[in-house]
> 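Take a look at the following structure, please.
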Amino acid sequence: MDGAHDLGGKQGFGPIVREQNEPPFHEPWEGRVHGMNLASDVGPAFRWSIERMGAIEYLTTSYYEHWLASMERNGVESGAFTQEELDAAAAGVAAGEPVPVRVDAETVATALRRLSPHDEAGFEAPPPRFSLGDRVTVARRASPGHSRCPAYLRGAPGVIESVHAPRPILDVYETEGGRIVPQAWYTVGFRSTDLWDDPGPAHEVFVDLWETHLEG
Amino acid sequence: MDGAHDLGGKQGFGPIVREQNEPPFHEPWEGRVHGMNLASDVGPAFRWSIERMGAIEYLTTSYYEHWLASMERNGVESGAFTQEELDAAAAGVAAGEPVPVRVDAETVATALRRLSPHDEAGFEAPPPRFSLGDRVTVARRASPGHSRCPAYLRGAPGVIESVHAPRPILDVYETEGGRIVPQAWYTVGFRSTDLWDDPGPAHEVFVDLWETHLEG
Amino acid sequence: MSGSHHHRRPQTPQELRTAALETVLIERGLVSTDAIDAVVDRFENEIGPRNGARMVARAWVDPAYRERLLADGAAAAAEFGYGGMEGEQIRCVENTPEMHNVVVCTLCSCYPWPILGIPPVWYKSPPYRSRVVREPRAVLAEFGLELPDGTELRVWDSSADLRYIVLPMRPEGTDGMSEDELAGLVTRDCMIGVAVPRAGAVAA
Amino acid sequence: MSGSHHHRRPQTPQELRTAALETVLIERGLVSTDAIDAVVDRFENEIGPRNGARMVARAWVDPAYRERLLADGAAAAAEFGYGGMEGEQIRCVENTPEMHNVVVCTLCSCYPWPILGIPPVWYKSPPYRSRVVREPRAVLAEFGLELPDGTELRVWDSSADLRYIVLPMRPEGTDGMSEDELAGLVTRDCMIGVAVPRAGAVAA
């Protein structure tokens, strides 16, 4: 989708603001959100739920506010919980009820396994259409759903730099309730001069794209 | 430029909010800004100055705040007045000094002439490259300056629907201090299905583009 | 002269900036108080969608005017004395039983001032500008306008120096009405293309 | 276990929403308090850019490790015990005197968590994400990094499942340093590619 999250090449966002000695989490609630997200599974549309926040809301809220909005929406849409449960909990919290405590060694173990090296399943898919060095063009048309193809590349000419083993295309996975469609994907190289008509020295941009995003 | 003003096809802006019996100006200051802009000439970069406001500021301020920001910047950049004069006037106003009054029949007459039918100068330019019915492709690369070519068309195929007599291309006029480069321009028709991969019935979009924006 | 600016001390940030800008422009001799007043007066009292509505009604009752309007909108406006900034070139696009037209400016808010006046806030705002080129049927439905299945839909994005006005279809049941009465049915929204005239309606 | 959430009643809208969400997830049995605590603890105390710095220093002193790192970043991380979410596939791109690399995720904020930890706020924010693909030299200059004329520049936009880390060049004047001392020169920013290690610097 053509959302405010698709920032590559956009102008008017000003200077980069840095912070010295930044902690992992600036507030305890940020850590809770991070921990809840990694230690649970509330649905397949994590990123797409962020992208549907609303453009101005997205641009004027923080990273972990994006996560919070995503988990709330994703969880309701996937059926992990209901909006009514969320509203009731919010009312309880506002009235001073403490967050319940649940201790469960298995949930801990699962979460920590995710944070350690682990083998990943392989995926079967049709053989890749493109080979190293092939010239390709990025698909021009925007889809209404989640896409891992940044808008600044639409219609641009590039060259296949690497061919990767099949992985489920996230465009489908996020938008269609977790449907797994394995597909070849590629690292594609672009010349900045093919993307923008800007002055100054050129550079190269490398982007990982699934076969869906590319035309021969 | 790839600014937040370039809204065509973008998603996440929510429902259209309408107002019954809307007045031309909601506050007196809006009328003053409108009147000042039409009755004066503070520089050639009116729209480009709006586009350079900053993406989040643009999206979170009103139409006449855009005009105000544009006149302030455009006037300083063109040399019509200085930032120091503006700052001094702001300090005076804040301290309670009244806005000075100047009465001038000639300025009134010029302003009202602009608001009445008047003949426009013609422009000489090379003969148009494209003719009625020609298939064209919109240039894919974004320029860093002002552009009258909306981003949603970049790289898209279209058909010439009308050929118009030359006019100065605004991309150059706004970005290069009022430089006049007359050029043929066209109304170009596009199928929505060539622009977006959305479900639902198709429609057509017609956009006025200068020759610079088109490839054969 | 409305002169309301003379009577209230600027308070909001917008009022303060406006007053500062006006001060500088006056001091520099780039504008005069009465010129600003005159422009405001024109837009508050003369220039507005009633102008376009008169042209539409004329086109409904006078086939020769309709042809001139479709051939050169600015010349047809000048017949009524309408014209000037943001209306030097006007194209009128005509609705038919097979074809509906709607107008937008996705990049800014281009609009045919001399015949429609100041655009409404929604026309200038991100939701309309972003959506109507991409999902015009959904936008029209939000305005209460459901097009019959199979109606072709054209969106005109005023990206250059040409301004657009929609010539709507004359509604059924208006045979006995005068040109003035017909003009009373033509709202601003009909001429943008987000509505169509209704015989029973009265234009705002 | 930090458990700081147990000690303060939620006050800000963000704290209230977080507490409500945690309540629902706990009630539904979708998460446990101690699992959240454990994840927070890992990111506050174990997972961070010191991991990546150790890999970089090893690559500087051990040519065989450097080759393994460039061939398969995730496998090279696993040699140190690093791996997991957002690091299942890692590609290491190497700076040379002719070529500089810099990493971004324009669509969201993809980042190799197991070896660099939580990304800094600037990495996740619109200015960096919008600008570094389009004007990387201007961005690097803002970070104080001026590349010599003629240096090729590659920007890696992590748009899929692969995460990137930059292998910077070992700075001059570090011949006598141990692997641990070398790791101390490698900041997070060096591994994103917005800085280069300096012999006199100490990594944050």
Side-chain angles (χ1 to χ4, degrees), chain A residues 5-10 13-19 21-22 24 28-29 31-36 38-40 47 59 63 65 68 71-72 80-81 85-86 89-90 93-94 99-104 107-108 111-112 114-118 120 148 150 167 185 196 201 203-208, chain D residues 4-5 9-10 14-28 30-36 38-40 42-44 47 78 83-85 88 106-109 117-118 120-122 124 126-130 133-134 136-137 139 142 153-162 204:
Chain A
H5 69 284
D6 194 349
L7 284 161
K10 298 293 194 298
F13 288 101
I16 294 154
V17 179
R18 286 183 283 163
E19 177 184 341
N21 302 315
E22 198 175 327
W29 72 267
R32 301 310 291 168
V33 171
H34 193 89
M36 281 192 276
L38 268 64
S40 71
R47 284 162 168 154
L59 292 173
Y63 180 71
E65 284 174 286
L68 198 46
M71 291 189 75
E72 290 165 347
F81 48 80
E85 288 176 296
L86 212 47
V93 165
V99 174
V101 173
R102 176 172 169 253
V103 174
D104 181 65
T107 310
V108 175
L112 294 184
R114 288 182 182 169
L115 295 180
S116 310
H118 52 261
E120 287 241 291
R148 300 309 301 170
R167 306 258 318 156
W185 57 290
W196 300 290
H203 59 278
E204 286 179 294
V205 179
F206 291 87
V207 187
D208 297 322
Chain D
S4 49
H5 59 293
R9 190 165 152 183
Q14 293 84 352
E15 288 169 346
L16 286 161
R17 285 168 67 193
T18 302
L21 183 63
E22 187 171 337
T23 299
V24 170
L25 293 182
I26 297 264
E27 284 173 351
R28 280 279 196 164
L30 293 167
V31 81
S32 69
T33 311
D34 50 351
I36 301 172
V39 172
V40 171
R42 280 285 166 102
F43 278 94
E44 287 190 330
I47 303 174
M85 267 184 89
E88 287 93 346
T106 62
L107 290 172
C108 32
S109 309
I118 306 273
V121 167
W122 60 258
K124 301 181 273 200
Y128 182 73
R129 288 164 51 197
S130 60
V133 281
R134 184 157 182 176
R137 283 182 174 81
V139 168
E142 260 178 57
L153 184 49
R154 294 186 158 184
V155 183
W156 301 85
D157 185 355
S158 343
S159 50
D161 291 325
L162 186 56

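Below, chains carry the letters A, B, ... as their sequence lines are ordered, and counting in each starts from 1. We use all heavy atoms of the structure for the numbers below, so side chains are in, but hydrogens, waters and symmetry mates are not.
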> At a heavy-atom separation under 4.5 Å, does Glu22(A) approach chain D through its side chain, its backbone, both, or neither?
side chain

> So do the side chains of Leu68(A) and Thr18(D) get within less than 4.5 Å of each other, counting heavy atoms only?
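In contact.
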
> Which pair of heavy atoms, one from Pro100(A) and one from Thr33(D), lies closest together, and at what distance?
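Smallest heavy-atom distance, with atoms named: O-OG1, 3.9 Å.
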
> Thr23(D), Leu30(D), Leu107(D): which one forms the most heavy-atom pairs within less than 4.5 Å of chain A?
Leu107(D)

> In the structure I gave you, are the side-chain heavy atoms of Glu88(D) and His118(A) within less than 4.5 Å of one another anywhere?
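Glu88(D) reaches His118(A) side chain to side chain.
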
> Pick whichever of Glu65(A), Glu19(A), His34(A), Arg114(A) has the most heavy-atom pairs under 4.5 Å with chain D.
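Of Glu65(A), Glu19(A), His34(A), Arg114(A), His34(A) has the most heavy-atom pairs under 4.5 Å with chain D.
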
> Give a yes or no on whether the backbone of Val31(D) and the side-chain of Arg102(A) come within a donor-acceptor separation of less than 3.5 Å.
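Confirmed, Arg102(A) side chain pairs with Val31(D) backbone.
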
> With a 4.5 Å heavy-atom cut-off, do Val101(A) and Ile26(D) have their side chains touching?
no

> Using non-hydrogen atoms only, which part of Pro120(D) is less than 4.5 Å away from chain A: side chain, backbone, both, or neither?
both

> With a 4.5 angstrom heavy-atom cut-off, which part of Arg42(D) approaches chain A: side chain, backbone, both or neither?
side chain

> Any idea which of Glu15(D), Arg28(D), Met85(D) has the most non-hydrogen atom pairs under 4.5 angstrom with chain A?
Arg28(D)

> For the pair Arg17(D) and Glu72(A), evaluate side-chain contact (heavy atoms from CB on, under 4.5 Å) and give the outcome as yes or no after the intermediate values.
CA-CA 9 Å; Arg17(D) 285 168 67 193; Glu72(A) 290 165 347; 2.9 Å; yes

> Could you state the interatomic distance from OH (Tyr128(D)) to CG (Leu7(A)), rounded to the nearest 0.5 Å?
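The CG atom of Leu7(A) is 13.0 Å from OH of Tyr128(D), to the nearest 0.5 Å.
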
> Show the nearest heavy-atom pair for residues Val93(A) and Leu16(D), with the distance to one decimal.
CG1-CD2, 3.5 Å

> What is the minimum heavy-atom distance between Ser159(D) and Val207(A), and which atoms define it?
OG-CG1, 3.1 Å

> I'd like to check Glu22(D) versus Ser40(A) (side-chain heavy atoms, cut-off strictly below 4.5 Å). Are they in contact?
no

> Output the distance between atom SG (Cys108(D)) and atom CZ (Arg148(A)), rounded to the nearest 0.5 Å.
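These two atoms lie 4.0 Å from each other.
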
> Would you name the heavy atoms of Ala89(A) and Val24(D) that are closest together and state the gap between them?
CB-CG2, 3.6 Å

> Can you give me the closest heavy-atom contact between Arg32(A) and Val40(D), atom names plus distance?
N-CG2, 4.2 Å

> State the CD1-CZ distance between Ile16(A) and Arg129(D), to the nearest 0.5 angstrom.
12.5 Å

> Taking Asp34(D) for the side chain and Asp104(A) for the main chain, is one N or O donor matched with an acceptor at less than 3.5 Å?
yes

> Between Arg47(A) and chain D, with a heavy-atom cut-off of 4.5 Å, which part of the residue counts as in contact: side chain, backbone, both or neither?
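Side chain of Arg47(A) only, per the 4.5 Å heavy-atom cut-off to chain D.
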
> Can you name the nearest heavy-atom pair linking Pro24(A) to Glu44(D), along with the distance?
CG-CA, 4.1 Å

> Going by side-chain contact (heavy atoms from CB on, under 4.5 Å), name the residues that satisfy it together with Pro15(A), two or more places apart in sequence or in a different chain.
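Partners of Pro15(A) by the side-chain contact (heavy atoms from CB on, under 4.5 Å) criterion, ordered by chain and then number, come out as Glu142(D).
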
> Does Glu204(A) have any side-chain contact (heavy atoms from CB on, under 4.5 Å) partners at least two apart in sequence or in another chain, and if so, which?
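Checked Glu204(A) against side-chain contact (heavy atoms from CB on, under 4.5 Å); matches are Arg191(A), Phe206(A), Glu152(D), Arg154(D).
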
> Out of Pro150(A), Ala111(A), Gly31(A), Ala90(A), return the one with the most heavy atom pairs under 4.5 angstrom to chain D.
Pro150(A)

> When heavy-atom pairs shorter than 4.5 Å are enumerated against chain A, which of Leu25(D), Val133(D), Leu153(D) gives the highest number?
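Looking at each of Leu25(D), Val133(D), Leu153(D) in turn, Val133(D) comes out on top.
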
> So, do Pro127(D) and Val17(A) sit near enough that their side-chain heavy atoms are less than 4.5 Å apart?
no

> If you count heavy-atom pairs within less than 4.5 Å of chain A, which of Ala20(D), Ser32(D), Ala35(D) leads?
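Top option by heavy-atom pairs under 4.5 Å: Ser32(D).
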
> Using non-hydrogen atoms and a 4.5 Å limit, figure out which bit of Arg18(A) sits close to chain D: side chain, backbone, both or neither.
both

> What part of Tyr63(A) lies closer than 4.5 angstrom to a heavy atom of chain D: side chain, backbone, both or neither?
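For Tyr63(A), the side chain is the part near chain D, not the backbone.
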
